[in-house]
J.: 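Sharing a structure, written as C-alpha cells. Questions coming.
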Amino acid sequence: MPTGRPRGGRSRIRRQLPVSPWLFAAPGLLVAGAFSLYPFLSTVANSFTDRRTLLPGRFVGLDNYREMLGDEMFWIGLRNSTLYVLGVVPALVVLPLLLALLVEKQIPGITFFRSAFYTPVVASIVVVGLIWVWLLDERGLVNSVLEVVGAGPVGFLSDQWLLLLSAMTVTVWKGLGYYMIIYLAALGNVPRELHEAASVDGAGPVRRFLTVTLPAVRSTMVLVAALSSVAAFKVFSEVYLMAGPGGGPAGEDTTLVMLVQRTGTGLSGRVGYSAAISVVVFAVTVALMLLVLRADRKEDA
C-alpha cells in the first residue's frame with residue numbers, strides 16, 4: 001500500500017545525514033580554529049621570522065632557535081620552570097589526596113570545611129598573590145612573628161631560592177582545593193565492599209589505604225600529575241606578582257612564560273623570538289604529558 005511519502009525523500013535524507021553532524025559542530029570548530037588553531041599556527045610561523053611589534057619581519061629560518069641556545073636568560077627560565085615542576089607536582093599529587101580523605105567522611109559540618117578548602121581556587125590570583133606578598137614582606141606578618149621569637153627577618157621576597165619556594169607554596173595552596181574535588185569524585189567510586197573485606201581480613205587504616213584506596217585512584221593520580229605538570233611549567237602569575245616584572249634579584253627567578261611576556265611585548269617587542277620560546281614551552285609541556293602517560297602504561301604492563 002502506498003504510504004504517501006515519495007521514495008525520493010528517503011534518498012535525499014540519506015544524502016543529507018552525513019552533513020548534519022558537521023553543521024552542529026561548525027560553531028565550535030570555528031571558535032576553536034579562530035582562537036586556538038590559528039594563533040598556534042601563527043606562533044609557529046612567527047618563530048621563523050624576525051618580526052617585531054610594529055614590523056612584519058622576514059624569514060630567518062632557525063636563527064631564533066640558535067640565539068635561544070646562547071641566551072643565558074632562556075636557560076635561567078628553563079631551570080626555574082623545571083624546578084617549579086619538580087617542587088609543585090609531587091605536592092599537588094599527594095596533599096589533595098590526603099585532604100580528600102579527611103573531608104570525604106559524612107560528619108556534621110564537613111560541608112563547611114569542603115567549602116573553606118575550595119575557596120582559594122575561586123579567589124583571584126592577583127588577590128591571592130598580593131595577600132601572600134603582604135604576608136611574606138620584610139615588614140609583613142610572618143617576619144613580624146619571627147622577630148618576636150628572635151628568628152629575625154627572612155628575605156622571602158629578596159632571596160632567589162626563597163622567592164621561588166614562596167611562589168611554589170602559593171601555587172600548591174591555591175591548587176589544593178581544585179585537585180581535592182577531583183580526588184573526592186574518584187574516592188566516591190571506590191567500592192565500600194573492598195574496604196569492608198580488608199577490614200575483615202584485619203587490615204588497618206594505613207594498610208587499607210595502601211592496598212585498596214591507592215590502586216583505585218591511581219588513574220586519577222596520573223591525571224592530576226599531568227594537569228599539574230603542564231600548569232606548573234607554564235607558571236606566570238605567582239612568580240610575576242611576587243618577584244615583579246624583573247623576575248626577582250637580577251632576573252634569577254624568571255620563568256619561561258615570563259620571558260615570553262618580557263621579550264614579546266612593548267613597542268619594540270621581539271615577536272619572532274618570543275614565538276620561538278613559546279614553541280619550546282609547548283613542546284616541553286607535550287613531552288611532560290607523554291612522559292606521565294608512558295610511566296602509567298609501564299606500570300599497567
Side-chain angles (χ1 to χ4, degrees), residues 29-89 125 129 160-161 163-164 167-168 171 226-295:
L29 292 175
L30 289 175
V31 172
F35 295 100
S36 297
L37 183 59
Y38 173 74
F40 171 74
L41 296 177
S42 177
T43 300
V44 174
N46 286 329
S47 69
F48 298 104
T49 68
D50 61 352
R51 181 181 177 183
R52 292 182 177 269
T53 302
L54 301 178
L55 299 174
R58 57 186 178 82
F59 181 77
V60 295
L62 298 175
D63 287 355
N64 288 325
Y65 295 94
R66 295 192 188 96
E67 179 182 353
M68 194 186 308
L69 295 177
D71 187 356
E72 182 183 2
M73 288 306 302
F74 169 76
W75 293 109
I76 291 176
L78 181 61
R79 178 199 66 194
N80 292 332
S81 297
T82 304
L83 289 175
Y84 218 89
V85 173
L86 297 176
V88 166
V89 173
I125 183 59
Q160 171 189 348
W161 302 113
L163 196 154
L164 196 64
M168 292 180 187
T171 300
L227 294 176
S228 58
S229 297
V230 173
F233 193 81
K234 298 191 302 180
V235 66
F236 172 79
S237 300
E238 293 91 328
V239 181
Y240 184 87
L241 291 170
M242 303 187 75
E252 289 293 330
D253 290 295
T254 301
T255 63
L256 281 182
V257 178
M258 290 179 65
L259 188 60
V260 171
Q261 183 268 342
R262 186 186 308 167
T263 58
T265 57
L267 295 178
S268 59
R270 301 180 60 193
V271 178
Y273 186 63
S274 177
I277 302 175
S278 300
V279 172
V280 172
V281 173
F282 170 77
V284 174
T285 53
V286 171
L288 284 173
M289 294 190 67
L290 293 177
L291 284 174
V292 172
L293 295 175
R294 183 180 179 86

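Computed over heavy atoms, backbone and side chain alike; hydrogens, waters and symmetry mates excluded.
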J.: To the nearest 0.5 Å, what is the distance between CG on N80 and CH2 on W75?
T.: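 These two atoms lie 13.5 Å from each other.
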J.: Are V44 and F282 close enough that some pair of their side-chain heavy atoms sits under 4.5 Å apart?
T.: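 Heavy-atom side-chain distance check fails, nothing below 4.5 Å.
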J.: Report all side-chain donor-acceptor pairs from residues 228-235 shorter than 3.5 Å, counting only partners two or more places apart or in another chain.
T.:
| residue | atom | partner | partner atom | Å |
| --- | --- | --- | --- | --- |
| S228 | OG | V224 | O | 2.7 |
| S228 | OG | A225 | O | 3.3 |
| S229 | OG | A225 | O | 2.5 |

J.: With sequence neighbours left out, write down each residue that passes salt bridge (charged side-chain N to carboxylate O under 4.0 Å, His left out) with D63, or none if nothing qualifies.
T.: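 D63: salt bridge (charged side-chain N to carboxylate O under 4.0 Å, His left out) contacts with R66.
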J.: Restricting to side-chain hydrogen bond (donor to acceptor under 3.5 Å, both in side chains), what partner residues turn up for Y240, sequence neighbours left out?
T.: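 side-chain hydrogen bond (donor to acceptor under 3.5 Å, both in side chains) check on Y240 returns nothing, list empty.
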J.: State the CG-CD1 distance between L241 and I125, to the nearest 0.5 angstrom.
T.: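 Taking CG in L241 and CD1 in I125, the distance rounds to 6.5 Å.
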J.: Less than 4.5 Å apart, any side-chain heavy atom of F48 and any of V60?
T.: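 Side chain of F48 against side chain of V60, heavy atoms only: no contact under 4.5 Å found.
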J.: Can a donor-acceptor pair be found, under 3.5 Å and without considering hydrogens, that links the side chain of T53 to the backbone of G269?
T.: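 Pair found, side chain donor or acceptor close to backbone of G269.
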J.: Determine which pairs satisfy salt bridge (Lys or Arg N to Asp or Glu O under 4.0 Å) with at least one residue from residues 239-258, sequence neighbours left out, and list them in order.
T.: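 Sorted pair list: R79-E252.
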J.: Looking only at non-hydrogen atoms, find the nearest pair between G87 and M168 and report the distance.
T.: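 Scanning both residues, the minimum pair turns out to be CA-SD, 4.0 Å.
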J.: Tell me, which pairs form a salt bridge (Lys or Arg N to Asp or Glu O under 4.0 Å) where one or both residues lie in residues 32-57, sequence neighbours left out?
T.: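 Matches after skipping sequence neighbours: D50-R58.
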J.: If I compare all heavy atoms of V271 with all of G264, which pair ends up nearest, and what's the gap?
T.: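 Nearest heavy atoms, V271 then G264: CG2-O, 4.2 Å.
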J.: Quick test of your reading: applying salt bridge (Lys or Arg N to Asp or Glu O under 4.0 Å), list the pairs with at least one residue in residues 259-275, sequence neighbours left out, ordered by first then second residue.
T.: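 Salt bridge (Lys or Arg N to Asp or Glu O under 4.0 Å) check on residues 259-275 returns E67-R270.
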